[in-house]
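Convention: sequence-line order gives letters A, B, ...; per-chain numbering from 1. Quick caveat: nothing in here was measured; it's all calculated off a predicted structure.
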Amino acid sequence: MDSIAEEQDRPAETEDEPSEEAPRAAGTEEGISKEDGGASVTGEISSLSISSADDVVDKPEMTLKSEKLNEEVEAAEVSQIKTVLAADTPYSWAQTFEELNISENLLRGLYSEMKFERPSKIQGLTLPMILSPPYHHLIAQAHNGSGKTTCFVLGMLSRVDPEVQAPQAICVCPTRELAIQNEEVLLKMGKFANITSACAISTDFNKQSSTRRGQVVDQVIIGTPGTIKRWISTKILNTKQIKILVFDEADHMLAQDGFQDDSLRIIQNITKSNGGCQVLFFSATFNENVKNFTVRIAPKANQVFVKKEELSLDVIKQYRVRCPSDAEKVNILKDRIFPAAEKLGQSIIFVRTRASASNLHRRLDADGYKCTSIQGGLSNEDRDRVIREFRSGQTKILISTDVLARGFDQAQVTLVVNYDLPLKNAPPYGPDYELYLHRIGRSGRFGRKGAAFNLLVSAADEENLNQISQYFSRDIPEVPWDDDEAFEKVLKEAGLA
DNA sequence: AAAAAAC
């Protein structure tokens, strides 16, 4: 019944043909097909072509201006990254923002607002790909907290023509919190650029605001799939002049149990209205499935991937705590996590369900432990308030479902607790490796220190964590649950205490 | 056996 699955099961030979035929339109954005006339998402997919193997040129050795570099360091970093270029044209690795030929106003934003000095690894690598004509698509993977947001925000800002007062860039995010955060980065970075933005997320009075809302004339739209789709279908948002479309947390945006349908629909809408635009897919994780799917819908994209063994960040120390019972889990929070968290910055405690988020919150609250909680069942107003309080440092400990697992960027977060391990909810069952990485990546932002504690009770917990440990080739040592000193020692080891 | 968006 599922057209996507059928599509994936078809033999590759039959799919290779169209790409041979399709003329390579030099100087235009290519790949996500424009010849699609079908109205359905299915139509879009079946018309997409896969490039043949020799169509992509494998260039793992980027052209480096080696004389200026610490070659040893750069070589080590480059070796972790697998780069595939869309065409036989190498890009220069940008070591300074000046090399990118972006406007003075944007440079000013980068230096004086963002306090950046030079591009990070992923920025130096991908920004030339994003900003150089013919504006190929890009599928880019980079570590949590390594500066992906800057890549696509700067990409959008640079590609927008400030003189044209119409939507030219869209960024799609999986949660409203992430959309808000990304817009804040855009506003900051683009402070001097004279570019306007709109945040396309639901409000508590959605009906009212979206029917009353006039035509969107802002140049950059950042939002969540539902509202973006709605703005497009109600013609509030005209996509004719969209030049660049970004998927943040792209693996989730294209996952079948994520936002795949919404994302493809949005791509299709833009393709129908203007023949397509440059599309960027950014995430810290791409499992084999989604990776293949992403490459399939954007066959001519530049690709940047990281090996999974290299993904688990060394700066985040990971531990397991074997708890004798579920009841004891709460005590471990109270006796160990809370005191540490109060001293060491801020903490996020991840749980699996909305109900356990509010239950745990209530229980700790009743015993006088100050914390807040967030989950998708709260009103938008409450969600915004909880985030505001956490951002301001007013609250130190935040209990959360996976709504904050991805992308949420708060520099002060030093401790992440997996109160429940992240699990897959469909076959093949077992640990959700990607989610695990995203959760622990809420600490250790941009090279800071961080620690993650995994609370285990059952044999299944143990097994799941062992699999996670194995998958990322990382040892996850035990901290005895009843040993104060051991806990202190471990925090020191993590560079926190 | 869930969460996310949004209807």
Side-chain angles (χ1 to χ4, degrees), chain A residues 41 170-183 198-211 213 221-234 236-237 247-267 269 283 285 290 326 348-361 373-384 386-387 398-408 418-439 442 457-458 460-461 463-464:
Chain A
V41 169
I170 295 178
C171 173
V172 197
C173 317
T175 63
R176 64 195 310 281
E177 283 71 20
L178 198 48
I180 293 169
Q181 177 180 295
N182 284 338
E183 198 199 15
C199 198
I201 56 175
S202 71
T203 63
D204 283 334
F205 310 101
N206 192 28
K207 230 178 188 161
Q208 219 178 24
S209 65
S210 69
T211 49
R213 196 181 219 296
I221 289 46
I222 301 182
T224 45
T227 303
I228 291 177
K229 262 173 47 184
R230 185 171 167 151
W231 283 14
I232 295 175
S233 66
T234 57
I236 291 168
L237 173 57
F247 289 96
D248 192 9
E249 307 298 341
D251 61 324
H252 189 232
M253 302 311 291
L254 289 177
Q256 273 173 316
D257 66 341
F259 293 101
Q260 189 181 81
D261 289 350
D262 287 338
S263 299
L264 293 177
R265 180 72 68 182
I266 291 168
I267 293 175
N269 278 324
S283 183
T285 54
V290 200
D326 271 313
I348 302 180
I349 298 168
F350 284 106
V351 295
R352 218 167 84 80
T353 66
R354 293 176 172 189
S356 39
S358 19
N359 289 340
L360 187 59
H361 180 185
S373 67
I374 188 168
Q375 35 95 355
L378 299 183
S379 70
N380 292 322
E381 193 187 356
D382 283 343
R383 285 168 67 160
D384 292 346
V386 170
I387 294 294
L398 179 54
I399 299 163
S400 175
T401 58
D402 284 320
V403 66
L404 291 190
R406 286 169 171 267
F408 183 73
N418 283 324
Y419 191 84
D420 305 316
L421 288 177
L423 301 177
K424 291 200 187 90
N425 283 278
Y429 296 105
D432 190 321
Y433 305 108
E434 286 74 32
L435 217 37
Y436 178 84
L437 206 59
H438 285 283
R439 280 182 178 188
R442 293 319 95 211
V457 177
S458 66
D461 288 343
E463 172 58 20
N464 284 324

Q) Touch check for A:R406, heavy atoms < 4.0 angstrom, all strands: base, sugar-phosphate only, or nothing? A)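 Counting heavy atoms under 4.0 Å across all strands, no contact is made by A:R406.
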Q: Determine the contact category for A:D402: base if any of its heavy atoms lies under 4.0 Å from a base atom, sugar-phosphate if only primed atoms, P, OP1 or OP2 are that close, otherwise nothing.
A: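 Touches nothing.
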Between [X] and [N], is there a side-chain N or O to OP1/OP2 distance below 4.0 Å?
{"X": "A:R354", "N": "B:dA4", "result": "yes"}
{"X": "A:R383", "N": "B:dA5", "result": "yes"}
{"X": "A:R230", "N": "B:dC7", "result": "yes"}
{"X": "A:T401", "N": "B:dA4", "result": "yes"}

Could you please name the option among [options] that lies closest to any side-chain atom of [X]?
{"X": "A:S202", "options": "B:dA6, B:dA4, B:dA2", "result": "B:dA6"}
{"X": "A:T224", "options": "B:dC7, B:dA5, B:dA2", "result": "B:dA5"}
{"X": "A:V403", "options": "B:dA5, B:dA2, B:dA4", "result": "B:dA4"}
{"X": "A:H252", "options": "B:dC7, B:dA6, B:dA4", "result": "B:dA4"}
{"X": "A:F259", "options": "B:dA6, B:dA2, B:dA4", "result": "B:dA4"}

**Q.** Over all atoms of both residues, closest heavy-atom pair of A:T285 and A:E434
**A.**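 Where A:T285 meets A:E434 most closely, the heavy atoms are CB-CG, 3.5 Å.
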Q: State which residues pass side chain to side chain donor-acceptor pair (under 3.5 Å) with A:S283; sequence neighbours excluded, sorted by chain then number.
A: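 Expected list: A:D251.
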Q: Using the closest heavy atom to pick a nucleotide of DNA chain B for each, name whichever of A:A355 or A:N380 lands nearer the 5' end.
A: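 Final value for this comparison: A:A355.
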Q | Working for side-chain contact (heavy atoms from CB on, under 4.5 Å), residues A:F247 and A:H252 | A | CA-CA 9 Å; A:F247 289 96; A:H252 189 232; over 6 Å; no
Q | A:Y419: ring pair (Phe, Tyr, Trp, His ring centres under 6.0 Å) partners, not counting sequence neighbours | A |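 Result, ring pair (Phe, Tyr, Trp, His ring centres under 6.0 Å) vs A:Y419: none returned.
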Q. Does a distance-only test, which skips hydrogens and angles, find a donor-acceptor pair under 3.5 Å between the side chain of A:D257 and the base of B:dA2?
A.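 Flag set: donor-acceptor pair detected.
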